J.: 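Got a structure for you, written out below as structure tokens; questions coming shortly.
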Amino acid sequence: MSHSHEHGHDHDHTHDRGHHPSLVIEDEAGNIEGQIIIDALQNILVRKNLLAPEEVTQEIEKIEAPGEHLGARIVARAWTDPEFKERLLANGKSAAAELGIKVGEAQLIVVENTEDLHNLVCCTLCSCYPRSILGQPPSWYISKAYRARTVREPRQILSEFGLNLPDDIELVVHDSNADMRYLVLPERPTGTEGWSQDRLATLISRDCMIGVAKANAAA
Amino acid sequence: MVETTRGYHDIGGNPAGPVPKDELPWLHWEKQVEAVRNLLGDGTRRIISLDELRRGFESFGIEKYSSLSFYRRRVEAMIDILIEKEVITRAEIEAEIETVRARWKNV
Amino acid sequence: MKSRFQTSDRVRVLHLGKTGHIRTPFYVRGKVGTVSELCGYFLNPEDLAVGKTAGPVVPLYRVSFRQTDLWPDYQGPAHDTLCIEIYDHWLTEGQEAS
């Protein structure tokens, strides 16, 4: 391609071995170049009647809509309704549908944390993530450091996120490499008896549904 | 038989530094890349599937794969596959990029 | 294609030596794990990546591995595991658990 190739070197990124950063961040020129390239591609596809601009706008709205609030609703319902929780653990996609939440991926597997077991999710090969419910993954999830190290040194990764798991707790890492997508069902924090689902949802972060954190305490 | 094939993207277990905690915003052009790919892969078009997109960036070569940002990889992979399928040509996309870039400069 | 394995079967991941788009990571090839469930039947991504959509669908399993079996230098307790999805044609019978 004849366009200039720009990529960002943000001053506080980290390098894995070799000279490429773990997460390549575009600088302003790189982002402009990205906009130019996708605009150019879209123009050609529109001229060839393969796309309409209005469709692209609509699709952008559609992909912007999901976010951690949807995952938090699922978790809060599971915390307060044991029968829903069993259905959720058996078939995440159909249980989410009961709440009006459409899972666009092949299947959603919900993995439950207990006092004896903690789950952690990654995708070593690319960036598979339950986007139709949680939205886009955080940048660190798609970094080469997270993808490379989580399967091999998960406890060290958790420590980097501030979660020090005692050895007597079993740690299960899920590499989301094929058609399934994963959601961690975190443990319900103590001191939340009688809370409404909406109030419980305020304790449920994106990070605890990936597994790098526990749900927030009921402070 | 000892495994001899391993894609450069197949990095599970490789050594790496600390996880960068940058929380980057999701920019408009990045959403547009995803939206275009979703539409091209939908039931009415079926022009690029997610699997073909992945094959695209797994075929860049390690240098290009390692030096491009996530969404830049996706748009470049889309372009490669569209050219492969003769939906567009390399000359077409390069010309259009120059046209769009000229408009940016004149704004 | 009929599924060849059931929950609790011991399975070994094959070295198929395939090139092209593969969803079986290098780090599990040759390793022995336990089938934890059959996820269902899906078109093979190795074929989908080159536009072959005719099928047949392939069984996909979740397979669980002891981390200490995957990594000689694993720093963590012996009960830690890793769970990953593997397509039927990448698997053969594994040894009995010792």
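Keep in mind it's a predicted model, so treat the numbers as computed, not measured. Residue numbering restarts at 1 for every chain, and letters A, B, ... go by the order of the sequence lines.
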J.: Heavy-atom distance under 4.5 Å to chain A: side chain of B/Arg37, backbone, both or neither?
T.: neither

J.: Counting only heavy atoms closer than 4.5 Å, note whether B/Leu50 contacts chain A via side chain, backbone, both or neither.
T.: neither

J.: Under 4.5 Å heavy-atom distance to chain B, tell me which part of A/Glu55 shows up: side chain, backbone, both or neither.
T.: both

J.: Between A/Glu160, A/Gln35, A/Arg152, who has the most heavy-atom pairs with chain B when the cutoff is under 4.5 Å?
T.: A/Gln35

J.: So which heavy atom on A/Ala148 is nearest to which on B/Ala16, and how close?
T.: CB-CB, 4.3 Å

J.: Compare all side-chain heavy atoms of A/Gln136 with those of B/Lys31 and state whether any distance is below 4.5 angstrom.
T.: no

J.: What residue, out of A/Asp175, A/Leu45, A/Thr150, has the most heavy-atom pairs lying under 4.5 Å from chain B?
T.: A/Leu45

J.: What are the two closest heavy atoms between A/Cys128 and B/Arg54, and how far apart are they?
T.: SG-NH2, 3.7 Å

J.: State plainly whether the residues B/Glu96 and A/Arg47 are in salt-bridge range, i.e. N to O under 4.0 Å.
T.: yes

J.: Given heavy-atom pairs under 4.5 angstrom as the criterion, report whether the side chain, backbone, both or neither of A/Phe161 touches chain B.
T.: both

J.: Tell me, side chain or backbone of B/Leu24 under 4.5 Å from chain A's heavy atoms, or both, or neither?
T.: both

J.: Starting at CG of B/Asp10, measure out to SG of A/Cys126 and round the result to the nearest 0.5 Å.
T.: 10.5 Å

J.: Among the options B/His28, B/Lys21, B/Met78, B/Arg73, pick out the one with the most heavy-atom pairs lying under 4.5 Å from chain A.
T.: B/Lys21

J.: Enter the distance from B/Leu40:CG to A/Leu50:CG here, rounded to the nearest 0.5 Å.
T.: 7.0 Å

J.: Counting C-beta onward and ignoring hydrogens, is there a side-chain heavy-atom pair between A/Ser143 and B/Val19 closer than 4.5 Å?
T.: yes

J.: Within the 4.5 Å heavy-atom criterion, are B/Arg72 and A/Ile37 side-chain neighbours or not?
T.: yes

J.: Count the heavy atoms belonging to other residues, nucleotides or ligands that lie under 6.0 Å from NZ of A/Lys62, then report whether that count exceeds 12.
T.: no

J.: Ignoring hydrogens, what is the shortest heavy-atom contact between A/Arg149 and B/Pro18? Give both atom names and the distance.
T.: NH1-CA, 3.7 Å

J.: Is the closest side-chain heavy-atom distance between B/Leu68 and A/Val24 below 4.5 Å?
T.: no

J.: Can you say whether A/Asn31 sits under 4.5 Å from chain B via the side chain, the backbone, both, or neither, judging by heavy atoms?
T.: both

J.: Hey, is B/Glu23 close enough to A/Arg206 for a salt bridge, meaning N to O under 4.0 Å?
T.: yes

J.: Let's go through A/Ser127 and B/Arg74 carefully: what are the C-alpha distance in whole Å and the side-chain angles of both, what is the deciding distance for side chain to side chain contact (heavy atoms under 4.5 Å, CB included) to 0.1 Å, and is it a yes or a no?
T.: CA-CA 12 Å; A/Ser127 68; B/Arg74 285 167 102 81; 4.2 Å; yes

J.: In terms of heavy-atom pairs under 4.5 Å with chain B, which of A/Ile142, A/Asn177, A/Ile63 leads?
T.: A/Ile63

J.: Between B/Arg101 and A/Glu33, does at least one N-O distance fall below 4.0 Å, as a salt bridge requires?
T.: yes

J.: Do other residues, nucleotides or ligands put more than 12 heavy atoms under 6.0 Å from A/Glu64 CD?
T.: yes

J.: Is it the case that the side chains of A/Trp140 and B/Asp22 hold a donor-acceptor pair, with the cut-off being a distance below 3.5 Å and no angle test?
T.: no

J.: Just checking, is any N or O donor in the side chain of B/Gln32 or A/Asp39 under 3.5 Å from an acceptor N or O on the other one?
T.: yes

J.: Is B/Tyr8 close to chain A through its backbone or its side chain, or both, or neither, when contacts mean heavy atoms under 4.5 Å?
T.: neither

J.: State, to 0.1 Å, how close A/Ile44 and B/Ile93 come at their nearest heavy-atom pair, and which atoms those are.
T.: CD1-CA, 3.6 Å

J.: Closest approach of B/Pro20 and A/Leu23, non-hydrogen atoms and distance?
T.: CG-CB, 3.8 Å

J.: Using modelled atom types only, decide if a donor and an acceptor are shared between the side chain of A/Arg147 and the backbone of B/His9 within a distance under 3.5 Å.
T.: yes

J.: Determine whether A/Ile36 and B/Arg103 satisfy the following criterion, side chain to side chain contact (heavy atoms under 4.5 Å, CB included), listing intermediate values before the conclusion.
T.: CA-CA 10 Å; A/Ile36 287 172; B/Arg103 276 195 225 123; over 6 Å; no

J.: So A/Leu41 and B/Ile97, do their side chains get closer than 4.5 Å, heavy atoms only?
T.: no

J.: Ring of B/Phe70, cation from A/Lys144 - is the NZ or CZ under 6.0 Å from the centre and inside 45° of the axis?
T.: no

J.: Only pairs of heavy atoms separated by less than 4.5 Å count here; which of B/Gly12, B/Gly7, B/Ser66 has the most with chain A?
T.: B/Ser66

J.: So do the side chains of B/Tyr65 and A/His20 get within less than 4.5 Å of each other, counting heavy atoms only?
T.: no

J.: Salt-bridged, B/Glu92 to A/Lys48, with N to O below 4.0 Å?
T.: yes

J.: Counting only heavy atoms closer than 4.5 Å, note whether A/Val151 contacts chain B via side chain, backbone, both or neither.
T.: side chain

